[in-house]
Participant: 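Starting off with a structure, shown below.
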Amino acid sequence: MDTLALVVVVSAALFYTGVNGFRDSADAIATSVSARALTPRVAVTLAALMNLAGAFLGTTIARVVSEDLVTPPEGGRGLLMLFAAVCGALLWSAAAWYLRLPSSSSQALFGGLVGAVLAGAGAVHWAGVLLKVVLPLVLAPLVALVVGRLLMTGLLWAFRRAQPHRAQRGFRAAQTVSTAGMALGHGLQDAQKTMGVVVLALVVADRAEPGSGVPLWVQAACALMLAAGTYAGGWRVVRGLGRRVFAVDAPRGFAAESSAAAVMFTSAFVLQAPVATTHVVTGSIVGAGTTRRRTVARWAVARTIVVGWSLTLPAVAVLAAALFFVGSVLLPV
């Protein structure tokens, strides 16, 4: 039964990775498609390939998720907690997508872990949650906003005498690189979060030792699922973040993507902290867009996004806790 439960938890986590890629595909391609730097077909393919490659760049975020946030008990009870956490995140993501409520897949997953483990009387490492989850979730979009504005301001000054048509054409070409970099950062961040959950499940099921690292098959499975989800989801992107908050041209698209990539790589390799890629991308787009006059920004949309982000973590924590209680009644462990 423990083996079957482990298979179910790992399958649910991998499915969540695919859903994550499906939902976040707009983050990877919206600015480049909005600025007409890349065709949708090229943008989707590039984003999927870079997500696949990014998942193999490191495992620091996976170790944070599997070691620094929660410690479920071993056996079936711990696996039920993880299953409730992933299912809670899945249900919230589906509801948010249906209601068009902005939400973060990372927030949903972390909220599910905390809520389910608390409900099952497992150990929640609050210092790790505060330093590795809450602070990065709050600070990352603000940092991305500042970096995006500073970079765009620098570009406006550097190319102030350039012929506008030629500059636009050059930045459209440059967006191929910035889009690839941002998708690479997305794969680095988001694939590892699910890797951490799978490793945690292996430890709880006594199939791996704590701190033993991420098996190659786990990396490969999460990478493939994220890439497949991104490829499938990219085709539904008609109006991504680039049109919803600001009308993004090629220079601002380049600045936003470069800023987002820089924040995601810095948080992973230097700070070793997971960030919500949706937050980072939105912050960088807003930052690059604020170099235009204030009335260009659709601040009502931005406020809706912030409200959606604020609700996600506590709402999924409550939902995952409720799912654990229901599961513990139906499947005594």
Side-chain angles (χ1 to χ4, degrees), residues 17 20-21 23-24 27-28 31 47 50-70 89 102-111 113-114 125-151 177-197 199 213-214 219 222-223 226 230 241 255-288 305-306 309-310 312-313:
T17 307
N20 185 1
R23 293 184 68 247
D24 288 357
D27 297 352
T31 52
M50 290 299 102
N51 272 337
L52 181 67
F56 291 98
L57 291 182
T59 58
T60 54
I61 302 300
R63 288 200 297 270
V64 168
V65 175
S66 62
E67 299 173 15
D68 297 345
L69 305 182
V70 296
S103 68
S104 162
S105 300
S106 301
Q107 272 187 303
L109 187 60
F110 296 147
L113 286 172
V114 171
H125 308 306
W126 291 110
V129 171
L130 176 62
L131 295 176
K132 297 295 186 178
V133 174
V134 177
L135 284 180
L137 288 176
V138 174
L139 295 178
L142 300 178
V143 172
L145 187 152
V146 172
V147 174
R149 180 177 175 84
L150 290 176
L151 179 57
V177 178
S178 61
T179 298
M182 189 172 68
L184 199 67
H186 180 261
L188 172 67
Q189 282 279 343
D190 281 29
Q192 287 194 57
K193 294 162 189 171
T194 313
M195 291 179 204
V197 175
V199 170
V214 181
Q219 277 188 286
C222 292
L226 185 68
T230 301
L241 294 174
E257 291 172 340
S258 300
S259 303
V263 172
M264 286 188 279
F265 278 107
T266 301
S267 63
F269 289 124
V270 179
L271 304 178
Q272 298 185 358
V275 296
T277 53
T278 305
H279 293 194
V280 172
V281 173
T282 304
S284 64
I285 291 174
V286 172
I305 291 174
V306 172
W309 289 349
S310 302
T312 297
L313 199 150

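Small disclaimer: the values here were computed from a predicted structure and weren't measured. Computation of the quantities below employed the complete heavy-atom set of this structure, encompassing side-chain atoms and omitting hydrogens, waters and symmetry-equivalent molecules.
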Participant: Once side chain to side chain donor-acceptor pair (under 3.5 Å) is applied, do any residues pair with Gln192, and if so which ones, sequence neighbours excluded?
Facilitator: none
Participant: Check side chain to side chain contact (heavy atoms under 4.5 Å, CB included) between Val143 and all other residues, then give those that pass, not counting sequence neighbours.
Facilitator: Val147, Val263
Participant: Using the side chain to side chain donor-acceptor pair (under 3.5 Å) rule, collect all pairs that involve residues 140-149, keeping only residues at least two apart or in two chains.
Facilitator: Arg149-Thr290
Participant: Can you list, pair by pair, the side-chain donor-acceptor contacts under 3.5 Å of residues 63-70, counting residues two or more places apart and other chains?
Facilitator:
residue, atom, partner, partner atom, Å
Arg63, NH1, Thr59, OG1, 3.0
Ser66, OG, Ala62, O, 3.0
Ser66, OG, Arg63, O, 3.3

Participant: Going by side chain to side chain contact (heavy atoms under 4.5 Å, CB included), name the residues that satisfy it together with Leu184, two or more places apart in sequence or in a different chain.
Facilitator: Met50, Ala53, Leu57, Phe265
Participant: If you compare all heavy atoms of Ala191 against all heavy atoms of Ala55, which two are closest, and at what distance to 0.1 Å?
Facilitator: CB-CB, 3.5 Å
Participant: Excluding sequence neighbours, so at least two apart, what forms side chain to side chain donor-acceptor pair (under 3.5 Å) with Thr17?
Facilitator: Thr194
Participant: According to side chain to side chain donor-acceptor pair (under 3.5 Å), who are the partners of Ser178, at least two apart in sequence or on a separate chain?
Facilitator: Glu257
Participant: Go through the structure and list residues passing side chain to side chain contact (heavy atoms under 4.5 Å, CB included) with Ala262, not counting sequence neighbours.
Facilitator: none
Participant: Could you measure the distance from the CG atom of Leu188 to the OG1 atom of Thr60? Nearest 0.5 Å is fine.
Facilitator: 6.5 Å
Participant: Ignoring hydrogens, what is the shortest heavy-atom contact between Ala255 and Leu151? Give both atom names and the distance.
Facilitator: O-CD2, 3.6 Å
Participant: Which residues satisfy the side chain to side chain donor-acceptor pair (under 3.5 Å) test with Ser105, sequence neighbours excluded?
Facilitator: Asn20, Arg23
Participant: By the side chain to side chain donor-acceptor pair (under 3.5 Å) test, which pairs, at least two apart or in different chains, include something from residues 260-271?
Facilitator: Gln189-Ser267
Participant: Using the side chain to side chain contact (heavy atoms under 4.5 Å, CB included) criterion, which residues pair with Ser106? Sequence neighbours excluded.
Facilitator: Ser104, Phe110, Asp190, Lys193, Ala276
Participant: Counting only pairs under 3.5 Å, give me each side-chain donor-acceptor contact of residues 125-140, with atom names and distances, residues two or more places apart or in other chains.
Facilitator:
residue, atom, partner, partner atom, Å
His125, NE2, Thr71, OG1, 2.7
Lys132, NZ, Leu271, O, 3.4
Lys132, NZ, Gln272, O, 3.2

Participant: Between Gln219 and Gly58, which heavy-atom pair has the shortest distance, and what is it?
Facilitator: NE2-O, 4.1 Å
Participant: Quick one: pull up CE in Met264 and CE in Met182 and give me the separation to the nearest 0.5 Å.
Facilitator: 6.0 Å
